[in-house]
Amino acid sequence: YEMSPHYHALCISSYGIPAYQARRMGEPMADCSYEILKRMGEATDAMQCPDGNDPPIGDSDRTPSSYALSIIKLLHPDFTTRRPCPPTYLSVWVGGGKTWDSRTSAVKARTSLFASGGFACAATEAGSDASFAILRNGANSEWHAHYDNLSLYWEAFGMPALTDPGRYLYVDDFDRIWVRHAESHN
């Protein structure tokens with residue numbers, strides 16, 4: 001698992017697109033590769049805030065990972081998500097125009113533990129009164145994660161209640177140095 005929700009989604013597209021194309025061309029990758037990608041999709045789905053954006057933890061911003069989930073949907077048509085997952089421009093392009101019913105979503109566990117990835121998530125159903133929390137406690141790294149063990153990001157009633165500083169800017173200034181250290185995380 002990638003330690004940042006954003007980079008986790010980027011890995012899905014980086015590996016998922018070649019996996020889909022290999023399968024389409026009759027040269028599939030090992031079955032375990034497709035299962036690993038599906039588990040990465042499960043983690044990405046669990047990590048998304050109720051509005052579909054990534055939580056700003058580790059090296060992530062509040063951006064959507066729907067493009068990554070749509071690649072998983074191409075690879076695994078039976079893959080379900082906590083909120084509707086429409087085809088994206090990327091999945092339509094990669095899939096040669098393939099689409100699916102985007103209104104489908106599934107009732108999934110309200111809590112998810114990804115021990116090897118170092119995080120746990122809890123969520124209510126999506127909507128204006130939704131709540132979501134993610135707790136980080138995994139391997140620390142200077143890259144794609146911060147020294148942020150036991151950081152908690154929490155949204156209540158669709159609004160951030162307890163936040164993490166996220167990635168800040170990629171410049172060598174005091175603020176960037178600060179957000180990468182344990183003292184800056186909640």
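Positions are given from 1 along the sequence.
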Worksheet, complete the sentence: Here the pair of heavy atoms bringing S131 nearest to A156 is OG-CA, 3.7 Å

Worksheet item: Do you see a donor-acceptor pair shorter than 3.5 Å between the side chains of R82 and Q48?
Response: no

Worksheet entry | Transitive ILVMFWY side-chain link L10 to M40, under 4.5 Å | yes

Discussion item. Can you tell me how far apart SG (C49) and OH (Y153) are? Round to the nearest 0.5 Å.
Written reply: 4.5 Å

Discussion item. Minimum heavy-atom separation for L69 and G41, please, with both atom names.
Written reply: CD2-O, 3.5 Å

Practice prompt. Determine the minimum heavy-atom distance between V94 and R24, stating which atoms define it.
Written response: O-NH1, 3.0 Å

Fill in: Euclidean distance, C85 SG relative to D101 CG, rounded to 0.5 Å
11.5 Å

Worksheet item: CG of N53 to OG1 of T63: how many Å apart, nearest 0.5 Å?
Response: 6.5 Å

Discussion item. Please say yes or no: joined through hydrophobic side-chain contacts below 4.5 Å, possibly via intermediate residues, are W93 and Y15 part of one cluster?
Written reply: yes

Worksheet item: About how many Å separate OG1 of T124 and CZ of R110, when rounded to the nearest 0.5 Å?
Response: 6.5 Å

Discussion item. Can you confirm whether I17 sits close enough to S14 that some side-chain heavy atom of one is under 4.5 Å from a side-chain heavy atom of the other?
Written reply: no

Worksheet entry | Gap between atom CZ of F114 and atom CE of M47 - 0.5 Å precision | 7.5 Å

Worksheet item: Ignoring hydrogens and geometry, is there a side-chain-to-backbone donor-acceptor pair from K73 to F79 under 3.5 Å?
Response: yes

Discussion item. Minimum heavy-atom separation for A120 and L113, please, with both atom names.
Written reply: CB-CD1, 4.0 Å

Worksheet item: Which heavy atom in T88 sits nearest to a heavy atom in S66, and how many Å separate them?
Response: CG2-O, 3.7 Å

Discussion item. Is it the case that the side chain of Y34 and the backbone of M29 share a donor-acceptor pair, with hydrogens and angles ignored and the cut-off at 3.5 Å?
Written reply: yes

Worksheet item: Can you tell me how far the CZ atom of R39 sits from the CD1 atom of I12, to the nearest 0.5 Å?
Response: 12.0 Å

Worksheet item: Quick one: are S91 and Y20 in side-chain contact, heavy atoms under 4.5 Å?
Response: no

Worksheet, complete the sentence: Heavy-atom nearest pair, S65 first then A9, reads OG-CB, 3.5 Å

Worksheet item: Are L74 and I36 connected in the hydrophobic side-chain network, where two residues link if heavy atoms are under 4.5 Å apart?
Response: yes

Worksheet item: Got Y89 and Y67 here, is their nearest side-chain heavy-atom distance under 4.5 Å?
Response: no

Worksheet entry | Distance-only polar pair, side chains of D45 and T81, donor-acceptor under 3.5 Å | no

Discussion item. With a 4.5 Å cut-off on side-chain heavy atoms, are F119 and S151 touching?
Written reply: no

